[in-house]
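Throughout, protein chains are lettered first and strands after them, A, B, ... in sequence-line order, and every chain is numbered starting at 1.
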Protein chains: 2
Amino acid sequence: MYICFMYSNELVKGTLKTIVLSLLAKHSRMYGYEITQHVKEQTGGKIQLTEGALYPLLHRLEADGLLLTEKVNIGKRVRKYYKLTKTGSETAGSLVAEFKEFTQTMGKLIDSFIYKPQYNV
Amino acid sequence: MYICFMYSNELVKGTLKTIVLSLLAKHSRMYGYEITQHVKEQTGGKIQLTEGALYPLLHRLEADGLLLTEKVNIGKRVRKYYKLTKTGSETAGSLVAEFKEFTQTMGKLIDSFIYKPQYNV
DNA sequence: AATCAATACCTAAGTTTTTTAGGTATTGCC
DNA sequence: GGCAATACCTAAAAAACTTAGGTATTGATT
């Protein structure tokens, strides 16, 4: 799903939907390739979406009624814009809220973590 | 992996390893059931680990050399304690650091999110 | 004494998600 | 002409997680 230089893929999983929907909530309409480039630039290359994960997700979100598409001809190429439906907009809001809540809850579990150099074996 | 009342399972995925290793970094030794109860209590029930996800992970981490086990007889029952190896301790530190870094990066993508009631369809 | 909840471990089938590794075609630059 | 970037896509495989069980002990309640 991601090619990550800074994060273990393990840790990053499960946030793609949140990223995509929140970006669409800000930009009203975006196309797939644009999303990958935007995320790469905004995060200084720390998060890089792979197209193999992104496109199937966009198709799923459309099938689930969270996104609508609009095809625009750019020369001989067809660019496929996505925008949020009402449900998509609501889902974007709740996923972002959930993510923020979740990081706080995780903080409680993790924050008191102190690196103890005394280990076993 | 989780039975979550507050979070969509989607969003929570990928943090189990971080949770488990960081808890073991704080408590020096814990057993499986204890981990589930501790997480439940510390997060006010917001994160609840399922045993179907936890036990296979503990076995994987042991196989990968991040954890060691110690069996202790409690009456007729055998309790299996886990503790970090050197590698496990190091991994715990980096996963926690990565998680913190990641939430900040996600914040940059998400923070400027404003719920726009003007949607399409 | 029987029953139920809690403690404590475990696994396996199925689903979902992601990675990997491609494919096609256009456009712009050297 | 050739290469990188733009722009879409898919399918097999791997990985992770859910679901739904299983066993057995212990302690509390009826």
Side-chain angles (χ1 to χ4, degrees), chain A residues 1-5 7-21 29-41 45 47-64 66-67 69-82 95 102, chain B residues 1-5 7-21 29-41 45 47-64 66-67 69-82 95 102:
Chain A
M1 159 187 187
Y2 303 89
I3 303 165
C4 275
F5 301 115
Y7 309 126
S8 69
N9 296 351
E10 202 71 9
L11 195 57
V12 183
K13 284 175 185 173
T15 51
L16 183 54
K17 195 170 166 183
T18 305
I19 290 170
V20 169
L21 291 181
R29 74 173 203 175
M30 292 180 96
Y31 54 98
Y33 187 77
E34 188 184 13
I35 292 172
T36 65
Q37 298 309 300
H38 184 87
V39 168
K40 191 177 173 181
E41 282 163 27
I47 299 176
Q48 285 181 248
L49 311 185
T50 60
E51 299 187 343
L54 180 63
Y55 287 113
L57 174 65
L58 289 171
H59 302 161
R60 246 181 291 148
L61 293 175
E62 191 187 0
D64 292 346
L66 304 186
L67 299 181
T69 56
E70 226 182 312
K71 284 178 184 175
V72 177
N73 291 308
I74 307 292
K76 288 183 184 176
R77 263 191 298 213
V78 179
R79 189 182 282 171
K80 207 167 157 188
Y81 279 99
Y82 290 89
L95 283 185
F102 175 67
Chain B
M1 162 186 185
Y2 302 89
I3 302 166
C4 274
F5 302 115
Y7 310 127
S8 69
N9 296 350
E10 202 70 9
L11 194 59
V12 183
K13 284 174 184 173
T15 51
L16 183 55
K17 196 170 164 183
T18 306
I19 290 171
V20 169
L21 292 181
R29 77 172 198 174
M30 292 180 96
Y31 54 98
Y33 187 76
E34 187 184 12
I35 293 172
T36 65
Q37 298 308 301
H38 184 86
V39 169
K40 192 177 174 182
E41 282 162 28
I47 299 175
Q48 285 181 248
L49 311 185
T50 61
E51 298 186 344
L54 180 63
Y55 287 113
L57 173 66
L58 289 171
H59 301 161
R60 245 181 291 148
L61 293 174
E62 190 187 2
D64 293 347
L66 304 186
L67 299 181
T69 55
E70 227 182 309
K71 285 179 184 173
V72 177
N73 291 309
I74 307 292
K76 287 180 182 176
R77 264 191 297 214
V78 179
R79 189 181 282 170
K80 208 167 156 189
Y81 279 100
Y82 289 89
L95 282 186
F102 174 68

Rounding to an integer number of Å, can you tell me how far [X] [atom1] sits from [N] [atom2]?
X     : N      : atom1 : atom2 : value
A:L61 : C:dT16 : CG    : P     : 15 Å
A:L49 : D:dT6  : CG    : C1'   : 16 Å
B:L57 : C:dC9  : CG    : C1'   : 16 Å
A:K76 : C:dT26 : NZ    : P     : 6 Å
A:I47 : C:dT18 : CD1   : P     : 13 Å

Taking the side chain of [X] as its heavy atoms from C-beta onward, which of [options] lies nearest to it?
X     : options                : value
B:Y33 : D:dT6, D:dA16, C:dA6   : C:dA6
A:E51 : C:dT26, D:dT26, D:dC9  : D:dC9
A:Q37 : D:dT6, C:dT7, C:dT11   : D:dT6
A:L16 : D:dC17, D:dA24, C:dT18 : C:dT18

Of A:I74 and A:G52, the one whose closest nucleotide on DNA chain D sits nearer the 5' end is A:I74

Does the side chain of B:Y82 reach to within under 4.5 Å of the side chain of B:I35, using non-hydrogen atoms?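 SC-SC contact between B:Y82 and B:I35 ruled out.
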
[X] side-chain N/O to [N] phosphate OP1/OP2 under 4.0 Å:
X     : N      : answer
A:R60 : C:dT17 : yes
A:Y55 : D:dC8  : yes
B:K17 : D:dA16 : no
B:R79 : C:dA8  : yes
A:H59 : D:dC8  : no
B:Y31 : C:dA8  : yes

Can you tell me how far CD of A:E51 sits from CG of A:L58, rounded to the nearest 0.5 angstrom? 10.5 Å

Over 12 non-hydrogen atoms of neighbours within 6.0 angstrom of NZ in B:K80: yes

